[in-house]
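Just so we're on the same page: letters track the sequence lines, and every chain starts at 1. Computed from a prediction, not measured in an experiment: that's the story for all the values here.
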Amino acid sequence: MTNQEFAQIFKNISIILEIKGDTKFRVIAYERAADIIGSLTKDVEDVYKEGGLKALEEIPGVGISIAEKIEELIKTKHLKYYECLTKQFPEKMLVLTSVPGIGAKTAFALYKKLKIDSISKLEHAAKSGLLLKLPHFKAKSAQNILRGISQFQAKTKEQERMVLTTAGPLAEEALNYLKKNKAIKRCDTVGSLRRMKETIGDIDLVACTPKSKEIVVYFSKAPFVKDILMKGDTKISILHKKNIRMDVEILPETDYGSLLQHFTGSKEHNVHLRTWAEKNKLSISEYGIKDLKTKKVHHFADEKKLYEFLGMQYIEPELREDRGEIEAALAHKLPKLIGYNDLQGDLHCHTKSSDGHNTLIELAQKAISKKYKYLGISDHTHGLGVAHGLSNKEILKHKTEIEKINKKVGGIKLLVGAEININADGGLDISQEVLQQLDYGIGSVHSAFNQSESEMTKRILSAIKQGIKIIGHPSGRLIGHRPGYAVQWIDIFKACAKYKVALEINSFPERLDLKDTLIKDALSYGCKFCIDSDAHELEHMDLIKYGIATARRGWATKNDIINTWDLEKIRSWFKN
DNA sequence: GCCGTTTTCGGCCCGACTGTTTTCAGTCG
């Protein structure tokens, strides 16, 4: 079973328990376990195989009871407890809770009283007036359900979550609209977009002004608003014309730090922070920090001061995922993350010689404008026919051209690289003789993605031992289109550290590969990384900020990233 | 059901908005 399948079962259990009216803490416990298991980088089945029940219990949110249920699922493919629950509360009806506005209780009422167990039946019931037969249901309720259904349908049609480059411009548009209003002192993007999470669900914004009610009305009239989902004194939620939900929260300037902190999340980070605070007789909300002993409320206009007040280091938004950052901040042991201006070069880009759109000169000029000191040219090798990959002979000719440009253009050094295919059998589609004449080679998997975990691991390990210096887009995933291939990461990390091969952090928003959690894992094995644009056009070089964000989310420091080093250091590293 | 620098028992983040109600449950972030 995959982690997602385990997570789904525990999520369903939590919904059913909520329907049953079980204690809310048990409901939360199952929900939390589902969330954590769903976002684990390691397979739960592997955790169990390697360490049994004890190892399962070490997963946060998993105690003896849930660990035993995982064991039962692995051993028998069934879970008696769950089957018992679904006899009374069929799995099928749980789909109703994916409609915004319908929670566990409403879903069950719909099922019990009206036998509704699908979205289409729900839609029919709302339109036909059947819903009015339920207690506490009037015209408005039916209307809201229909709206929820259309939101649900729009979302599934257009994909569940957006990549960063889709969300960014929409947030920018909304901020620009807010900034036009003179009553607004400041406004910012918060939520998962501020944390630079790889995919974004809703867009969250905050603003500060003494006139929050006025701003709620102002925002409700923005030209991009398709529908108003919710409107209060300090909050408004709208549906953007592109069917994306936008939430705005508005408070006075004196509480802006608290507001930023609260709305940036993540939920898990905030719950952990507030639980910790509660034990220290403090209560945290977006309105400040209340001292439970003296009842005094401390206000924070500045977010940094808020963490300082708690005796913690400032926690960068990219780290706020409840992955140990709170403990590290308390111990003053947070890493100093790589900065957005720390790169001295980019080591992965393509020219017209393979499948890029630009010449060497154009790329060099773009690199100069980005204040880079070096730029690695890495066109495809011949195995990748669709990308017009270069033969051994052509690579050497390309090398001569690059050297010519180096003599002509000042202020930047072009390095001679290549993006080499790692063949299905682990061989490289470049001769060793030619590889040795390059500054470095990037090894990438571009074919036979469906190999077994052991074959794929062997394949990449083989490439590592043949002298490549970087593994390109190491997992091969395309967000929303293709999961990464199966591979035994620990073996790869150990080999990369031993043979001094950097793991690429590819900056394409659909890739962001290696991903944040794997970066953090790899760091513990002593791996180095290389943040690359993989540019095929000049504009792609500006996507590098998303790669940097991903490195930051993976807790990487400047020194962990080889292309923050100067030319001399990086060259000597390539030679070893 | 989970968890522990007060605790192996007794807690569990905090608040806004909505609809249908006269005080709140349900839902959401």
Of all residues at least two apart in sequence or in a different chain, which pass the salt bridge (Lys or Arg N to Asp or Glu O under 4.0 Å) check with [X]?
| X | value |
| --- | --- |
| A:Lys11 | A:Glu31 |
| A:Arg482 | none |
| A:Asp202 | A:Lys155 |

Whole-Å distance between [N] [atom2] and [X] [atom1]?
| X | N | atom1 | atom2 | answer |
| --- | --- | --- | --- | --- |
| A:Met230 | B:dG15 | CE | P | 16 Å |
| A:Lys24 | B:dG15 | NZ | P | 12 Å |
| A:His269 | B:dC14 | NE2 | P | 15 Å |
| A:Asp35 | B:dG1 | CG | P | 18 Å |
| A:Leu134 | B:dG19 | CG | P | 17 Å |
| A:Lys138 | B:dT20 | NZ | P | 7 Å |
| A:Ile13 | B:dC2 | CD1 | C1' | 15 Å |
| A:Lys11 | B:dG1 | NZ | P | 17 Å |

Ion pair [X]/[Y], N-O distance below 4.0 Å:
| X | Y | answer |
| --- | --- | --- |
| A:Glu278 | A:Lys290 | no |
| A:Asp516 | A:Lys520 | no |
| A:Asp22 | A:Arg26 | yes |
| A:Glu123 | A:Lys127 | yes |

Please state the [atom1] separation for the pair [N] and [M] - nearest whole angstrom.
| N | M | atom1 | answer |
| --- | --- | --- | --- |
| B:dT18 | B:dC12 | C1' | 27 Å |
| B:dT20 | B:dT27 | C1' | 15 Å |
| B:dT6 | B:dC2 | P | 23 Å |
| B:dT22 | B:dA16 | P | 23 Å |
| B:dC9 | B:dC14 | C1' | 25 Å |
| B:dC28 | B:dC13 | C1' | 14 Å |
| B:dG1 | B:dT5 | C1' | 24 Å |

In residues 203-210 of chain A, what donor-acceptor pairs under 3.5 Å come from side-chain atoms, sequence neighbours left out?
{"residue": "A:Thr209", "atom": "OG1", "partner": "A:Ala183", "partner atom": "O", "Å": "2.8"}
{"residue": "A:Thr209", "atom": "OG1", "partner": "A:Lys211", "partner atom": "N", "Å": "3.0"}

Within the pair A:Tyr30 and B:dC2, is there a side-chain N or O less than 4.0 Å away from OP1 or OP2?
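No, A:Tyr30 has no side-chain N/O under 4.0 Å of OP1/OP2 on B:dC2.
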So, is A:Ser283 near the phosphate of B:dC14, with a side-chain N or O under 4.0 Å from OP1 or OP2?
yes
If you find the nucleotide of DNA chain B closest to A:Arg32 and the one closest to A:Val271, which residue's nucleotide is nearer the 5' end?
A:Arg32
Taking for A:Ala29 and for A:Pro135 the nucleotide of DNA chain B with the nearest heavy atom, the one nearer the 5' end belongs to A:Ala29
Acceptor/donor pairs from residues 107-114 of chain A side chains to any protein atom, 3.5 angstrom cut, sequence neighbours excluded:
none

Please work out which residues in residues 54-65 of chain A have a non-hydrogen atom less than 4.0 Å from an atom of DNA chain B and list them by number.
A:Pro60, A:Gly61, A:Val62, A:Gly63, A:Ile64, A:Ser65
Contact class for A:Leu273 (heavy atom, under 4.0 Å): base, sugar-phosphate, or nothing?
nothing
Categorize A:Thr234 for me: base, sugar-phosphate, or nothing, with a 4.0 angstrom heavy-atom threshold over every strand shown.
sugar-phosphate
Which pairs, with at least one residue in [range] and sequence neighbours excluded, count as a side-chain hydrogen bond (donor to acceptor under 3.5 Å, both in side chains)?
| range | value |
| --- | --- |
| residues 163-182 of chain A | A:Glu173-A:His240 |
| residues 297-309 of chain A | A:Arg194-A:Glu303, A:Asp255-A:His299, A:Gln261-A:Tyr307, A:His269-A:Tyr307, A:Glu303-A:Tyr314, A:Glu303-A:Arg320, A:Tyr307-A:Arg320 |
| residues 60-85 of chain A | A:Asn12-A:Tyr82, A:Tyr30-A:Lys69, A:Tyr48-A:Glu71, A:Ser65-A:Lys69, A:His78-A:Glu83, A:Tyr82-A:Glu91 |

Find every protein N or O atom lying less than 3.5 Å from an N or O atom of nucleotides 6-12 of chain B, and list the pairs.
{"residue": "B:dT6", "atom": "O4", "partner": "A:Lys281", "partner atom": "NZ", "Å": "2.8"}

Collect all protein-nucleotide pairs involving nucleotides 26-29 of chain B in which both atoms are nitrogen or oxygen and the distance is under 3.5 Å.
{"residue": "B:dG26", "atom": "O3'", "partner": "A:Thr106", "partner atom": "OG1", "Å": "3.4"}
{"residue": "B:dT27", "atom": "OP1", "partner": "A:Gly103", "partner atom": "N", "Å": "2.7"}
{"residue": "B:dT27", "atom": "OP1", "partner": "A:Gly103", "partner atom": "O", "Å": "3.2"}
{"residue": "B:dT27", "atom": "OP1", "partner": "A:Thr106", "partner atom": "N", "Å": "3.0"}
{"residue": "B:dT27", "atom": "OP1", "partner": "A:Thr106", "partner atom": "OG1", "Å": "2.4"}
{"residue": "B:dT27", "atom": "OP2", "partner": "A:Lys105", "partner atom": "N", "Å": "3.4"}
{"residue": "B:dT27", "atom": "O5'", "partner": "A:Gly103", "partner atom": "N", "Å": "3.4"}
{"residue": "B:dC28", "atom": "OP1", "partner": "A:Gly101", "partner atom": "N", "Å": "2.6"}

Could you identify the nucleotide paired to B:dT8, looking across every strand shown and requiring Watson-Crick or G-U wobble geometry with both distances under 3.5 Å?
none
Test ring pair (Phe, Tyr, Trp, His ring centres under 6.0 Å) applied to A:Phe137 - qualifying residues, sequence neighbours left out
none
